[in-house]
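First the proteins, then the strands, lettered A, B, ... as listed; each starts at 1.
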Amino acid sequence: MEPLLKVENLHVRFASYAGNVHAVRGVSFEVGRGEVLAIVGESGCGKTVTAKAAMRLLDRTNAIVDKDSRIELDGQDMLHMPRRKLNTIRGKDISMIFQDSMTSLNPTMTVGKQIMENLLTHTSMTKGAARKRAKELLELVEIPDPEDRLDCYPHQLSGGMRQRVMIAIALACDPKLLIADEPTTALDVTIQAQLLDLLGRIKEQNGMSVILVTHDLGVVASFAQRVQVMYAGQIVEHGTVEDIFKRPKHPYTWALLSSIPGRALSSKSELYALKGTPPDLRRPLIGCPFAERCEYCMGICKKQCPSETEVSEGHSASCWLCHEFAPKVQPPRIFGGNE
Amino acid sequence: MMNNNEILYDVQGLSRYFPSKRGVVKAVDDVSFQIRKGETFSLVGESGCGKTTCGRTLLGVYSKTAGKVLYHGVDKDSLNKAQQKEYLQKNQMIFQDPYACLDPRMSIASIIEEGMKVHFSYSASERTAICAELLHEVGLPAEFLSRFPHELSGGQRQRIGIARALAMNPEFIVCDEPIAALDVSIQAQVVNLLIRLQKEMGLTYLFISHDLSMVKHISDKIAVMYLGSIVELGTPDVIYNRPMHPYSKALLSAIPVADPDGNWAKKRIPLTGEVPSPVDAPAGCKFWKRCPYAKETCKEQRPALRELETGHFVACHFTEEL
């Protein structure tokens, strides 16, 4: 079956006073129907920019998307679509949940109005029907006393409740694709668990696809089916959750997984910490972007960027170590290597 | 090697209430614990449970409403002026927000040496030498001394915050969510730094965090807080492997595990609703409204913190039956 979202060779640059920041560098991926794809990586690796580009939410004044980049939703070209058409798709077929619910909701509008706004724009509902549907949506996201909450302003709700309201707005028109950008990062673990359960249930019910942007690998393992790891604007490894957590091939993925404290062998021992900082995205990259910080760096890594190598079906890594002529290295012990 | 039995802080019935329009907020409500020299004592819990207030009241940043704090066995209120000054020097704090806790108009050197000017009689050149040494200690180059906070990244600023605390040659540091604002790989760097400094200088930490997996890694003792009270206290091994209080159980089971076969969702103990307002905390056990095992007794009587086994305290009427 045709994938729902197809992104091909996406390049995004931002104009800044110190030169163009090349934030996303040739990203290609697909999201199947009913699938949860997680995008993980450090801050500044291009996760959010990729997600926003798919929604065409990037700031038009300084974001430059390359001409040959392609983003297709359900066969429709998203990048060259006229605004008027775009507005009928965004909020309906594709919608987004943002990290910071306080700044993403309108503080001067009641919660009910904000949910109804979406319904009134995209459907031919009357106001009364929209209000009824809004109440149902609040029930769906498990907000107690939905009738009363419709007339609340965002500041009257707690962080977890506001995040639920955002989910209700995003789900109002039964989207085919939901982009969740760090949906639970600002919340406590107990509330996070409640929301992930909720999203999982709703996904099962209406079969939507989800792109989950996060840096929390715990959330990824419990919620996603496929994972792509990004570094310096590129996808360095992608595969199923099993592939990434049990048979990771890229040294950056090893580093990410090793820095989870729960995996450390004893308490108060030195935690694995990746040294250095990501490369400056204003400069052109020569060779592998991770070479500077990589423990397994070889001569070729600094000269030429590795191409994507398929390790098994649906699992690829961009690393010279996956090349057939590369020396065999032992991955860290926790991934089956024996030091 | 430290004398592990020496008690640095003995906190007895510490409370801090805040008046508000709707009633009294009992942010910290009758909390008792002991911190031994050289250990890391952690406070964990959801936001709004009183972790930060507890740390600040302990140091005296907030005045306490009730209770006693014994420092080296001496009541903190009975210290004279000179002793108080020494106390302030030896007890330091590292803050959560590395952007807000450094004065943007001061250079790094003046931020670090500000406290030294008050407490020690070093000459200017001695202070500069100490500052450079401290920067080296926290893993930053000495050029940073003449820079300003806005030129540094979040992780670097947090290191400056640590250097500023170390400049006072402290014995005790309250680390108030020191890693919450940092990226995962940077978090590990800062935690490693804190662990190394503790080993080298014999520091004692009160570590406040909601990142439960990091807490497990660095703590010697953990107290789980809920609505201003400690509900369970014990070693990381006990708290994470054999939690007894229903709230600790639910809280710990909510940590997502980075293991695709973890069956996380199945093992989870669901916790419905949110933390109730601390203004009108329910009478009886504070947790009963959300507790799946609540009985009549729980609604009426507040459970006291009981010692189940050596060093493992739980505040629940029915732990044994669960």
Side-chain angles (χ1 to χ4, degrees), chain A residues 40-45 142 144 158-161 184 186-194 196-197 200 214-225 227 240-246 252 255-264 266-278 293, chain B residues 40 44-49 153-156 182-196 198-199 210-220 235-237 240 247 250-265 268-275 277 290:
Chain A
V40 296
E42 283 174 276
S43 351
C45 72
E142 292 161 358
S158 67
M161 293 265 234
T184 56
L187 304 172
D188 279 315
V189 280
T190 48
I191 309 294
Q192 165 173 297
Q194 289 174 7
L196 289 178
D197 271 359
T214 181
H215 66 259
D216 187 335
L217 290 161
V219 172
V220 172
S222 50
F223 192 65
Q225 284 140 23
V227 186
T240 62
V241 170
E242 298 265 309
D243 289 335
I244 298 292
F245 282 87
K246 294 197 177 151
Y252 180 64
L256 270 188
L257 290 169
S258 308
S259 54
I260 303 170
R263 293 199 174 213
S266 69
S267 80
K268 286 220 181 177
S269 58
E270 184 114 330
L271 278 179
Y272 179 83
L274 192 54
K275 293 188 183 61
T277 46
R293 304 170 82 185
Chain B
T40 304
V44 298
E46 290 172 274
S47 29
C49 73
S153 71
Q156 289 169 337
L182 306 175
D183 222 341
V184 194
S185 65
I186 314 294
Q187 279 186 357
Q189 291 176 7
V190 171
V191 166
N192 282 344
L193 174 66
L194 287 172
I195 293 176
R196 182 170 60 86
Q198 180 171 47
K199 283 182 184 155
H210 66 265
D211 183 340
L212 295 156
S213 40
M214 206 54 102
V215 164
K216 180 183 179 187
H217 184 74
I218 86 158
S219 309
D220 295 299
T235 59
D237 175 47
Y240 282 82
Y247 176 67
L251 181 71
L252 294 169
S253 73
I255 310 171
V257 186
D259 176 6
D261 317 326
N263 293 330
W264 174 64
R268 262 191 46 226
I269 301 160
L271 205 54
T272 49
E274 298 187 16
V275 184
S277 150
R290 295 171 86 192

Of all of Gln187(B), Glu46(B), Lys199(B), which one pairs up most often with chain A through heavy atoms under 4.5 Å apart? Glu46(B)
Nearest atoms (heavy-atom pairs only) where Asp188(A) meets His210(B): OD1-CB, 4.4 Å
Residue pair Ala254(B) / Val189(A): nearest heavy atoms and the distance that separates them: CB-O, 3.7 Å
Cut-off 4.5 Å, heavy atoms of chain B, and the answer for Tyr272(A) is backbone
Under a 4.5 Å heavy-atom cut-off, does chain B meet the side chain of Val220(A), its backbone, both or neither? neither
Not counting sequence neighbours, which residues clear ring-ring contact (aromatic ring centres under 6.0 Å, His included) with Tyr252(A)? List them please.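 With sequence neighbours excluded, Tyr252(A) shows a ring-ring contact (aromatic ring centres under 6.0 Å, His included) to Tyr231(A), Phe290(A), given in chain and number order.
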Part of Thr40(B) lying under 4.5 Å from any heavy atom of chain A: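 Both backbone and side chain of Thr40(B) come within 4.5 Å of chain A.
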Quick check on Ile195(B) against chain A: is it the side chain, the backbone, both or neither that has a heavy atom closer than 4.5 Å? side chain
Spatial distance of atom CD1 (Ile191(A)) from atom OG (Ser47(B)) [nearest 0.5 Å]: 8.0 Å
Distance from Leu252(B) atom CG to Thr190(A) atom OG1, nearest 0.5 Å? 11.0 Å
Suppose we screen for salt bridge (charged side-chain N to carboxylate O under 4.0 Å, His left out). Which residues come up paired with Asp216(A), at least two apart in sequence or across chains?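 For Asp216(A), no residue satisfies salt bridge (charged side-chain N to carboxylate O under 4.0 Å, His left out) once neighbours in sequence are set aside.
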